[in-house]
Number of protein chains: 2
Amino acid sequence: MSSSHFKHDLFAQFARIAKAMGHGNRLEILEYLAQGERSVEALATVSGLTVANTSQHLQQLRQAGLVESSKVGLKVFYRLSGDDVLALLDCLRGVAERRLADVERLVTTYLTVKDNLEPVPAGELLERARQGLVTVLDVRPPEEYAAGHLPGAINIPLAELEDRLQDFPEDQEVVAYCRGPHCVLAFDAVARLRAEGVPARRLEGGFPEWRRAGLPVESTRKT
Amino acid sequence: MSSSHFKHDLFAQFARIAKAMGHGNRLEILEYLAQGERSVEALATVSGLTVANTSQHLQQLRQAGLVESSKVGLKVFYRLSGDDVLALLDCLRGVAERRLADVERLVTTYLTVKDNLEPVPAGELLERARQGLVTVLDVRPPEEYAAGHLPGAINIPLAELEDRLQDFPEDQEVVAYCRGPHCVLAFDAVARLRAEGVPARRLEGGFPEWRRAGLPVESTRKT
DNA sequence: CAACTATTCAATTAACTAGTTGAATACTAG
DNA sequence: CTAGTATTCAACTAGTTAATTGAATAGTTG
């Protein structure tokens, strides 16, 4: 046995990458980066970490070659360093879902249909919204929202949901709605909000049903 | 924000898997298991770890759901828990090779052609083998070996190479040969041996050339 | 150039992980 | 039932990693 073991060194290098992914916060950061490049601050906000901590996690990801960064103006933007990183993440998720009973359990605990199946009736929502007890969320595209929406509803397209969690008053239930009972947007929104720990339900029916029932509607000229 | 964050928990679960792979020794173990099921002892031998240590790494891999085990007689055999684990390993290797300059460097340092291109001439090998200075390795299938081989050569098919490193006297150069100059087996063997830190070179030509040159040949009846 | 901003660095603490040793367990074979 | 074997467990030490804090850096804008 002459020089230091090549194989050993090689596996150590591979391990660097696995290790970089071996922390929940870093995986969460990678997940956000999978949607496109983000600044350190943006990442810190969505992941609920301090900026310094986020920065350090990003350093580790960069050292492992998983992300790249570039400075634009004041901000440093990070992005995944390639599609293969995305593939690796998918692979990891796949294995996790197939192998870890805990994942299964978590998913069914939080995203179960058990009360997805209990949408909020329109009348109840109207009542509670008037009392300011719920946040009404419209997950349709901005154009549809502008054309008419529930009174007091805020409009956040699904894609931006995770980035705008701070727009929701804390500890207040969110009721989401979309185009109607055959539209899955609101289902998805409810699932995602619950994933972040936000209590959420779905409006029974959607905007068209609401309007047809003669309930009050608001529309936006130009804010 | 009500109950503990689902997303957080979920990423923590994913991280368990990445963390389990985040150590060179465990990756090495996984690599060996990728070739088929092995006992704890066998894994300890090939990876150069103590049995207890190997056992502990295996526990971690099992907790992450990456391997399964079953007891057969005295021994416990471990295996990868599915093809998706293999896919994950490949994915990891792929990213590592594309992203880590260090990997590239290691590979070229150890496996470079720089002296792969200097095979041992037959005459030199004969001389040094007589003095007992080299281990002669025949990497052809056992049948071909039985039909005739270099004097004193040991026969280890490529697939078993890593498992039988202990068969080589330490600190002695290994000279590998196979069917001839167009056969890649010996190249591969040399690369793998070097990867394990064993000094190795390739015989110029192969067994047919050796015999044709009128050099001594041994053959096996039945051991 | 001075004030400001976004990010990174450095130092600290607490928590975790790797590897070692020796003993305990569980099973087989005589 | 005893002796022997393969594996695992338990306890410990040394080393590494995560998060926090506050200061330093680099760059932009007025």
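Every chain is numbered from 1 and lettered A, B, ... according to where its sequence line falls, protein lines coming before strand lines. Every heavy atom of this structure was used, including side-chain atoms; hydrogens, water molecules and symmetry mates were not. From a predicted model like this one, the values you see are computed outputs, not experimental measurements.
The side chain of B:Tyr78 places no N or O atom within less than 4.0 Å of a non-bridging phosphate oxygen (OP1 or OP2) of D:dA6.
Formation of a donor-acceptor pair under 3.5 Å by the A:Arg164 side chain with backbone atoms of A:Glu160 is not found in this model. The backbone N or O of A:Ile154 lies less than 3.5 Å from no partner atom in the side chain of A:Asp138, so there is not a single donor-acceptor pair.
Between the side chains of A:Gln131 and A:Arg128, no donor N or O sits under 3.5 Å from an acceptor N or O.
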Donor-acceptor contacts under 3.5 Å from residues 80-90 of chain B side chains, at least two apart:
{"unit_1": "B:Ser81", "atom_1": "OG", "unit_2": "A:Arg99", "atom_2": "NE", "d": "3.4"}
{"unit_1": "B:Ser81", "atom_1": "OG", "unit_2": "B:Gly65", "atom_2": "O", "d": "2.6"}
{"unit_1": "B:Ser81", "atom_1": "OG", "unit_2": "B:Leu66", "atom_2": "O", "d": "3.0"}
{"unit_1": "B:Asp84", "atom_1": "OD1", "unit_2": "A:Arg99", "atom_2": "NH2", "d": "2.8"}
{"unit_1": "B:Asp84", "atom_1": "OD2", "unit_2": "A:Arg99", "atom_2": "NH2", "d": "3.2"}
{"unit_1": "B:Asp90", "atom_1": "OD1", "unit_2": "B:Arg93", "atom_2": "NH2", "d": "3.0"}

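A cation-pi contact, defined as under 6.0 Å to the ring centre and within 45° of the axis, links A:Arg202 to A:Phe187.
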Show the distances under 3.5 angstrom between N or O atoms of the protein and N or O atoms of nucleotides 17-22 of chain C.
{"unit_1": "C:dA18", "atom_1": "OP1", "unit_2": "B:Arg26", "atom_2": "NH1", "d": "3.1"}
{"unit_1": "C:dA18", "atom_1": "OP1", "unit_2": "B:Arg26", "atom_2": "NH2", "d": "2.9"}
{"unit_1": "C:dA18", "atom_1": "OP2", "unit_2": "B:Gln60", "atom_2": "NE2", "d": "3.0"}
{"unit_1": "C:dA18", "atom_1": "O3'", "unit_2": "B:His23", "atom_2": "NE2", "d": "3.3"}
{"unit_1": "C:dG19", "atom_1": "OP1", "unit_2": "B:Asn25", "atom_2": "ND2", "d": "3.1"}
{"unit_1": "C:dG19", "atom_1": "OP2", "unit_2": "B:His57", "atom_2": "NE2", "d": "2.6"}

Please produce a list of atom pairs where a protein N or O lies less than 3.5 Å from an N or O of nucleotides 2-5 of chain C.
none

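Between the C1' atom of D:dA19 and the CG atom of A:Leu58 lies a distance of 15 Å, rounded to the nearest Å. When the P atom of C:dT7 is taken as reference, atom CD of A:Glu41 falls 6 Å away, rounded to whole Å. To the nearest angstrom, P of C:dA6 lies 11 Å from NZ of A:Lys71. To the nearest angstrom, C1' of D:dA19 lies 15 Å from CD of A:Glu28. Spacing between atom CG of B:Leu61 and atom P of D:dT8 amounts to 12 Å, rounded to whole angstrom units. If you measure from atom CZ of B:Arg38 to atom P of D:dA6, you get 17 Å, rounded to the nearest angstrom. One can place CZ of B:Arg62 at 13 Å from C1' of D:dC9, the figure rounded to the nearest angstrom.
Each ring-ring contact (aromatic ring centres under 6.0 Å, His included) pair with one or both residues in residues 53-98 of chain B, not counting sequence neighbours, appears once here: B:His23-B:His57.
Residues passing the ring pair (Phe, Tyr, Trp, His ring centres under 6.0 Å) test with A:Tyr145 are A:His149, sequence neighbours excluded.
End-to-end axis angle for the helix from C:dC1-D:dG30 to C:dG30-D:dC1, using five pairs per end and rounding to 10°, comes out at 30°.
The side chain to side chain contact (heavy atoms under 4.5 Å, CB included) test with A:Leu43 singles out one residue from A:Val51, A:Asn25, A:Leu58, A:Leu49, and that residue is A:Leu58.
Side chains of A:Lys19 and B:Met21 form no contact here, defined as non-hydrogen atoms less than 4.5 Å apart. Side-chain atoms of A:Arg201 and A:Val190, non-hydrogen and from C-beta on, never get closer than 4.5 Å to each other.
Using a cutoff of 4.0 Å between basic side-chain nitrogens and carboxylate oxygens, B:Glu68 and B:Arg62 are not scored as salt-bridged.
Nearest-nucleotide mapping onto DNA chain C: of A:Ser39 and B:Gly73, the residue sitting toward the 5' end is A:Ser39.
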